[in-house]
Amino acid sequence: MEWAKESLEKVERSRETRLHQPAPLPNEKESENILKNFHPDYLGKERTVGVGPNAGDQKFPLELADLLEADSPLPASHSTEPDIETDVLIIGGGGAGAAAALSLEGLGLKTHLATKLRLGDSNTVMAEGGIQAALAENDTPRKHFADALVGGHGENKTDLLRILCESGPEVIQWLSKLGCLFDRNSDGTFRLRGGGGTSVPRVLACRDYTGLEIMRVLKDAVRLSSTNILEEHAAVELFDDGNSTVTGAVLYDRKKGSLVNVSARAVILATGGSGQLRLQDFPTSNHVGATGDGLVLAYRQGCRLKFLDSYQYHPSGACYPEALAGQLVTEAIRSVGAQVVNAEGVHFINEMAYRDVLAGAIIKETREGRGVTTPNGKMGVWLDTPMIDMQKGEGTLAKQFPGLIHRFERYRIDPVKTPILIYPTLHYQNGGVSVDAQCRTEVNGLWACGEVTGGLHGKNRLMGNSLLDILVFGRRAAQSAKDHLPERGPLTLTNLNQFRKNQLKPKYSPVFFPEASKMKLELGALESEVKITESPSSEQTGSFEPPDPFAR
Amino acid sequence: MKKIEIKISGKPITARAGETIVQALWSAEMAESVQTGCAGGVCGACTVTVRYADGKPGGTELACMKPVEEGMEVFPCPVESDKAVEPVANADALTLQSVFPTVNRCTKCGSCTTACPMSIPVMDSVMRMQQGNFNEVAEDFTTCIHCGLCRFVCEDKVKPHNMGLWIRRSLGKNQDELKITIEDSNQVEKEWQYLLIDEKQERFQRAKKFRESGSL
């Protein structure tokens, strides 16, 4: 990194002083100022939408608002004949979907799990830092609750949050029984680390591959279960019974290039987040499928969305080299001693500040000219990784964060010796589909769990609460669906047709893939192949003219 | 930004120096030619083989992590997942042999180690599997993303990554059951009542106080 030589020398020179005199945590007033002036959520890049259950009330990011007002890509002539009959259809193949599938095992129910990609290709598998659970001797679920509520600016749905915190230990027990191996101390107890906003060390990890460890175990267990796995099946639309109860889904089989109608007694949405919408042109740490599909599907069924004016920009996204731009550098790196430092070598904020405040502070540094400019014209600040071994002993970084070393060594950057350059990356969708404590959406027959839901984390999520969220509520959604399983209903597109009576944008959603990838599902081309039978629902729509599915 | 020429399954495209194969495919509107998942190097979807015009040794790569290079030729190499095998508590080398009968067929060619995009010493670890050194194997496979390349390149049908996971999960089944502390329910209920007060501002203030004191 010859181009940054001058700044790196300043960072090295100030290291000794910073080690002994770290920057303090910002106080309330400072935090508020940083958020208001620099956090992307607060810059007004949002608007209300004109259609659907949230019409005219709360604001959505511009990119998402466009999707909520867009039309369905489903041809209006689409047949509603079922191709698959199942009891529970889970949509989403990440941690929440897998946890739901495993919880339905052995109950005598037929379960299908559909995923747009392959089972496990998700944000879960990319989670690095860990999972929170109140397991320390001096910890309790109430402390966990208090930390998360303060972190969420007091906006969290408290009934959901209480369930999350109380279920932590039990979820770790469940994962351990499945064969997950979390890092342990030399005395055999779980190694617990702090995270931004935790008052007690509470984060369990498997090196910096915690999500990978959890996902590969869940994936293996699901493959061993009786779940019918539909990989490369994207959910295009939900069916209802004509009386507002969800009764199944239309999937698009990417391999065969055909639409598949699934009749289900319960549908569990576990579709994850929407980082790939790349709000305000931010890079993202999310997997390629994170395009908010579940939000769109639920919205057309009449489910209200909550808190979607709030996204999490993870403070430490990689900023250099360009090939790694947006990829996550785990918060755990900061919790074990790597400081956040500007181009002048100044420790401008304590790195254990809440994620939203820290992200805002980094943006502020770069805007005000104290950032480091890369050869590609990107700006960032330093994450002083060599400080970890200085404080915790030689070899600590390599031992605890093999993933970080592995990713950077290809570019001849050794984080043990050289700081890495970071800039906030779009990481997590704080809001989503509104659910009750049983994971029921506001529409019968439809449950939701994980990142697609909104309310649990308030306006800012703490590290390690998302892996816990997907497991607690994935299992809970399954339990609730089992307990309240409706009878099988007919498949109609009544809700969709009703929604289509609105003035819709001349574009389609869900978008399924990031815009930058230019990948599209060519549903329109299918129209000639699908059996054209008049469904009762299309008669009801009267003179409605379907949009030209070939138009782009 | 420097432009370079690469080929995808024989088709030439122009890429920018510094970007990955996946980023180059997206720009060239050829995203569908290589399957992707996380695009962050941990899901194992985007396995490819790479060779170079100048005879430099090629090999297997993850398209989302591999930067493009002049004269590079890329071929998609998707690996189908293999049937899962139920883990077994207290497993040893004999148990492993019974569920993965090909474990002893390894001819030590080293292809698996060369193929691994995570730099796992796969072949050495297969030796450790044969000897039943399962704790070391579990450590070796900590970073395994189950892309399946080690199995794909093995001419003797050894399945290193499947065995690695099976060993990790089997060891996981030996763990002592986590004891969950039972707390004094009166005290617990009092704390919840304090924290769950209806009025939002007061609730927020109480949570702040509780974080500092840790109890009532």
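Within every chain, numbering begins at 1; the chains are lettered A, B, ... in the order of the sequence lines, protein sequences first and strands thereafter. All values reported here derive from a predicted model rather than from experimental measurement.
- Contact annotation for A/E128: neither backbone nor side-chain heavy atoms come within less than 4.5 Å of a heavy atom of chain B.
- Atom CG of B/D176 has 12 or fewer neighbouring heavy atoms from other residues, nucleotides or ligands inside a 6.0 Å radius.
- Of the two parts of A/C206, only the side chain, counted from C-beta on, holds a non-hydrogen atom closer than 4.5 Å to a non-hydrogen atom of chain B.
- Contact count against chain B (heavy-atom pairs under 4.5 Å) is highest for A/A221 among A/P321, A/A221, A/S122, A/G120.
- Taking every heavy atom of both residues into account, A/L212 and B/V42 meet most closely at CD1-O, 3.6 Å.
- Contacts between residues 84-94 of chain B and chain A, counted as heavy-atom pairs separated by less than 4.5 Å, involve B/A84, B/V85, B/E86, B/P87.
- Looking at B/S213, there are no atoms closer than 4.5 Å to chain A (heavy atoms on both sides), in backbone or side chain.
- Between the side chains of B/E191 and B/S215, no donor-acceptor pair of N or O atoms lies under 3.5 Å.
- Heavy atoms of other residues, nucleotides or ligands lying less than 6.0 angstrom from NZ of B/K173 number more than 12.
- In this structure, the portion of B/K200 lying under 4.5 Å from any heavy atom of chain A is its side chain and not its backbone.
- The CG atom of B/L62 lies 8.0 Å from the SG atom of B/C43; values are rounded to the nearest 0.5 Å.
- Both the backbone and the side chain of A/R162 come within less than 4.5 Å of a heavy atom in chain B.
- The number of heavy-atom neighbours closer than 6.0 Å to OH of A/Y354, taken from other residues, nucleotides and ligands shown, is above 12.
- Screening residues 157-168 of chain B for salt bridge (charged side-chain N to carboxylate O under 4.0 Å, His left out), with sequence neighbours left out, gives A/E213-B/R168, B/D82-B/K159.
- Heavy-atom distances place no part of B/Q205 under 4.5 Å from chain A, backbone and side chain included.
- Between the side chains of A/D147 and A/S199, at least one donor-acceptor pair of N or O atoms lies under 3.5 Å.
- When heavy atoms are compared at a cutoff of 4.5 Å, B/E139 approaches chain A solely by way of its side chain, counted from C-beta outward.
- Summarising the local packing, NZ of B/K208 is surrounded by more than 12 heavy atoms from other residues, nucleotides or ligands at distances under 6.0 Å.
- Side chains of B/Q201 and B/R206: no donor on one and acceptor on the other come within 3.5 Å.
- For the residue pair A/Q276/A/R278, the side-chain donor-acceptor check at 3.5 Å is satisfied.
- Residue B/K66 touches chain A through both its backbone and its side chain, counting heavy-atom pairs closer than 4.5 Å.
- For the ring pair (Phe, Tyr, Trp, His ring centres under 6.0 Å) test, no residue two or more places apart in sequence or in another chain qualifies with A/H144.
- Of the atoms belonging to B/L165, it is side-chain heavy atoms, and not backbone ones, that fall under 4.5 Å from chain A.
- With respect to chain B, the highest number of heavy-atom pairs below 4.5 Å among A/D139, A/D220, A/D121, A/L149 belongs to A/D220.
- Relative orientation of the A/H314 and A/H427 rings is perpendicular, given thresholds of 30° and 60° on the angle between their planes.
- Within the 4.5 angstrom heavy-atom criterion, atoms from both the backbone and the side chain of A/E170 approach chain B.
- Contact annotation for A/R410: only side-chain heavy atoms (C-beta onward) come within less than 4.5 Å of a heavy atom of chain B.
- When heavy atoms are compared at a cutoff of 4.5 Å, A/S285 does not approach chain B at all.
- Contacts of A/Q173 with chain B are made by both backbone and side-chain atoms, with heavy-atom separations under 4.5 Å.
- Of the atoms belonging to A/L328, not a single heavy atom falls under 4.5 Å from chain B.
- There is a side-chain donor-acceptor pair under 3.5 Å between A/E166 and B/W192.
- Neither the backbone nor the side chain of A/D159 comes within less than 4.5 Å of any heavy atom in chain B.
- Shown here are the ring pair (Phe, Tyr, Trp, His ring centres under 6.0 Å) partners of A/Y320, two or more places apart in sequence or in another chain: A/W3.
- A/A290 does not touch chain B: none of its heavy atoms, backbone or side chain, sits under 4.5 Å away.
- Only the side chain of A/L117 comes within contact range of chain B, with at least one heavy atom under 4.5 Å from a heavy atom of that chain.
- Heavy atoms of A/R207 lying under 4.5 Å from chain B belong exclusively to its side chain.
- For a residue to count as touching a neighbouring chain, one of its non-hydrogen atoms must lie under 4.5 Å from one of that chain's; by this rule A/P402 touches chain B with the side chain only.
- For a residue to count as touching a neighbouring chain, one of its non-hydrogen atoms must lie under 4.5 Å from one of that chain's; by this rule A/P141 touches chain B with backbone and side chain alike.
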